There are 4 protein chains.
Amino acid sequence: MKADAEPVPGKREAIMAAATKVFDGRGFAATTMDAIAAEAGIAKGSLYNYFKNKEDLFYQVFEHAVGQSEFEVDQMFSQSATACGKLDRILDYSFTEMSKYKALGRLVLEFWATAARKAQGELALQLREMHLRWQRRIEAILAEGVRRGEFRAGLDCAAAASLIMQTLDGIQLHDVLDLDIGARDAAYLAALKRMILDGLTNRASGGPPEMRA
Amino acid sequence: MKADAEPVPGKREAIMAAATKVFDGRGFAATTMDAIAAEAGIAKGSLYNYFKNKEDLFYQVFEHAVGQSEFEVDQMFSQSATACGKLDRILDYSFTEMSKYKALGRLVLEFWATAARKAQGELALQLREMHLRWQRRIEAILAEGVRRGEFRAGLDCAAAASLIMQTLDGIQLHDVLDLDIGARDAAYLAALKRMILDGLTNRASGGPPEMRA
Amino acid sequence: MKADAEPVPGKREAIMAAATKVFDGRGFAATTMDAIAAEAGIAKGSLYNYFKNKEDLFYQVFEHAVGQSEFEVDQMFSQSATACGKLDRILDYSFTEMSKYKALGRLVLEFWATAARKAQGELALQLREMHLRWQRRIEAILAEGVRRGEFRAGLDCAAAASLIMQTLDGIQLHDVLDLDIGARDAAYLAALKRMILDGLTNRASGGPPEMRA
Amino acid sequence: MKADAEPVPGKREAIMAAATKVFDGRGFAATTMDAIAAEAGIAKGSLYNYFKNKEDLFYQVFEHAVGQSEFEVDQMFSQSATACGKLDRILDYSFTEMSKYKALGRLVLEFWATAARKAQGELALQLREMHLRWQRRIEAILAEGVRRGEFRAGLDCAAAASLIMQTLDGIQLHDVLDLDIGARDAAYLAALKRMILDGLTNRASGGPPEMRA
DNA sequence: AATGAATGAGCATTCATTCAT
DNA sequence: AATGAATGAATGCTCATTCAT
């Protein structure tokens, strides 16, 4: 039978739900097809009626999770009118809500660290595209902010967007790895946000003194 | 023969070089002891005369690479008198030199993503310590900068250090994953550095307007 | 597939038969899973569909053999009404039938001599329980014999049972090791039995003269 | 160099002492040549200057230990004039002193259970001879006892000697395996000895009643 | 479509023995 | 005689994938 067909409605989704649970808990390498089949309550062989192989199944699960995550963040964006407000929200989100995707983040990490090595497959491309999508979104917000006078004129939006992406990914990385535990109080977060937004808004910055001492 | 001894001068180093090559190329999990032995041109069993097991070998390789990297950055630190200059240098380094440790970064990623899940082994502790060491160093520089009047009074050094660490790790992450390719021109870097340093130096920041619009 | 199930009727038994053959021939340590698989005519991996690991397989084989042996001896017990008769039968059995379990005995020996050194695993417990079960049975027979007046009053049943067990184990040991070959004639056996039973029945024993000469 | 030579006086003995210690503690299979070399304070390769291989070394060690043990028991024998007294002593010894040879007993067990399977080598012959030597000694004592009127006339000395050997080996077996722990009080031992000696001394035994009920 | 028994390649580790120095 | 580094065969176990039913 061809994989990817879906003869029994909902079965595919059921398997993916089970797989998500197991992958999240154990990671890709440590997850066995047996465990997924058991979690889904079907026979191991049946998995191969719906997915070509383990990697394929992981890919589908992963894609689905990423889609959900993106949808949620999109909602967030549209709830603020100003660029500054949007950025504020997204930073807030990074600090407080991103932990929800800890499991997903760990899977991304594992993927990059192992699977991505061997083949520059579809998933790698997918992840790169996703990254670019995000970066462009941030960049658009920054450009909008400059246009509206919220951010300083002459801001290098591409560079700033890149830095913000790196920072957000760095924050998520630390979150996923349980570094900086306990540093999640309000004052801390406010300081961080202020630092980032300061860099965008303050137009009178004379630059650090004696930068090349 | 006891592991950890080095009766044949250079042999240990030769093995580590071979192992580094194979680990870098395939990652930890995908690397077989056979492959390392073959690369080193010795019998598989001989590996165990110099290293306790695969994890130990990896650990030594890893420690060596980290040692080199830390030494290099330490050099960098001491070459600037002012806090601002030190930070400037470390940011410079992150943007330009850190790529040398791409392979190392990938291995760390793999470790965090897989091995770190199961056990809190020695390597995990080592990595956390390394992280803390860095964070404290940054924090000390910031505190020094505040004392010298380079940075704004009232700066939350811990929070700022944490953010900077996250940013640096985010930068390295993107580097390791070959994201942001081509965005390494001087103007770009200057903008990024300015953003960060602005957040530390500008004392008159009134905060972003209409933050909660 | 879960170990311990038996989806293909007789397959489990077939494997155990093959394993018994190989274990008997080579002992536990010298037996490889490959050899068992080859003897059973299946793939090595298939063994693990029916048994958790080598030790488990051995345990099952062992338990089966012990079960057969115990069943057989139980039959023997019930065929005599008097305590004296029961003991007579069990001694008979030890001298004549126990050789059937020579291979089993050798495996027990190997287990005690090697595995038992390191861990107090399940098999060790099982063996100790089996031993106690036997000892209690003997003791019960002796007590019954005393009650019925078959054996001398004041007999230390526990001590006697222990001695009898030691003797029986010693007999089996010699049997397993092929010592005393050829000393299995009727007169010999009768003499041995008489010696043991005499010790239990003669109530007027004055003790050996000049015991501490 | 030829093994078995002894160019450095005492070195051979030193190795054997070290080997004895390690073999006793871990058994044959679990003992590595490294461990023996370490215990002896010499290089692993040097072992092969004095012993052909691991098995040979074990054989020599074993032979030496057996020799010592036999010597000690021989001393014991000669200290009593009467057959009854000799037997009494040897039984005493079995119950109280044999534990000293627990390690040796365990090695014998392991040997029989593993090494003896593969090759009917020299050691197996040696052990059989030793066994026969003992059996003949017991038999001689019994015959002497009959001649002196200590034991009942018509005693089947061969059969009795065999039973006694089996019993002694059974006792040692239980001792080695730590069965019957705690049953070593004086009354217990006295009862056991009485049972055995009763079988030899009482001449008026009418045999057990209703033996074949 | 579903099953699940069978497969077999793949791998880290141990250790007795050798031999060049 | 002594060394000890090098060797490499040997083995239990996993698990993704297949395929006959």
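Proteins come first, then strands; the chains are lettered A, B, ... in the order of their sequence lines, and each starts at number 1. Just so you know, these numbers come straight off a predicted model, no measurement behind them.
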Check the surroundings of atom NZ in C:Lys21: do more than 12 heavy atoms from other residues, nucleotides or ligands lie under 6.0 Å from it?
no
Of C:Ala29 and B:Ala43, whose nearest nucleotide on DNA chain F comes first from the 5' end?
B:Ala43
Whole-Å distance separating the CD1 atom of D:Ile36 from the C1' atom of E:dA16:
11 Å
Quick one: on DNA chain F, does B:Ser46 or C:Met33 contact a more 5' nucleotide (nearest heavy atom)?
B:Ser46
Sorted by chain and number, sequence neighbours left out, side chain to side chain contact (heavy atoms under 4.5 Å, CB included) with B:Gln68 holds for B:His64, B:Tyr101
Would you kindly say whether B:Glu55 and B:Tyr59 are connected by a side-chain donor-acceptor distance under 3.5 Å?
no
Expressed as a whole number of angstroms, how long is the span from C:Tyr50:OH to E:dA6:C1'?
8 Å
Rounded to whole Å, how long is the line connecting atom NZ of D:Lys54 with atom C1' of E:dT18?
17 Å
Grab the CZ-P distance between C:Phe51 and F:dT14 for me, whole Å please.
15 Å
Minimum side-chain heavy-atom gap D:Leu177-D:Leu109 below 4.5 Å
yes
Separation of F:dA1 atom P from D:Arg12 atom CZ, nearest Å, is 13 Å
With a 3.5 Å cut-off and just heavy-atom distances, do the side chain of B:Lys44 and the base of F:dT7 make a donor-acceptor pair?
no
Looking at CG of C:Leu47 and CD1 of C:Ile42, how far apart are the two atoms once the value is rounded to the nearest 0.5 Å?
4.5 Å
Close side-chain approach of C:Phe51 to C:Met16, heavy-atom, < 4.5 Å
yes
Which whole-number value in Å describes the distance from D:Tyr48 OH to F:dA1 P?
17 Å
Taking the nucleotide of DNA chain E with the closest heavy atom to each, which residue, D:Thr32 or C:Gly41, is nearer the 5' end?
C:Gly41
Taking Watson-Crick and G-U wobble contacts under 3.5 angstrom, with | marking pairs to another strand and [ ] crossing pairs, the secondary structure of DNA chain F is written .||||||||||||||||||||
Starting at atom CG of A:Asp34, determine the distance to atom P of F:dC13, rounded to an integer number of angstrom.
17 Å
Expressed in angstrom and rounded to an integer, what is the separation of B:Asn49 atom CG from E:dA16 atom C1'?
13 Å
Is the Lys NZ or Arg CZ of C:Lys54 less than 6.0 Å from the centre of C:Phe23's six-membered ring, within 45° of the axis?
no
Select base, sugar-phosphate, or nothing to describe what C:Leu47 touches, counting heavy atoms under 4.0 Å on all strands.
nothing
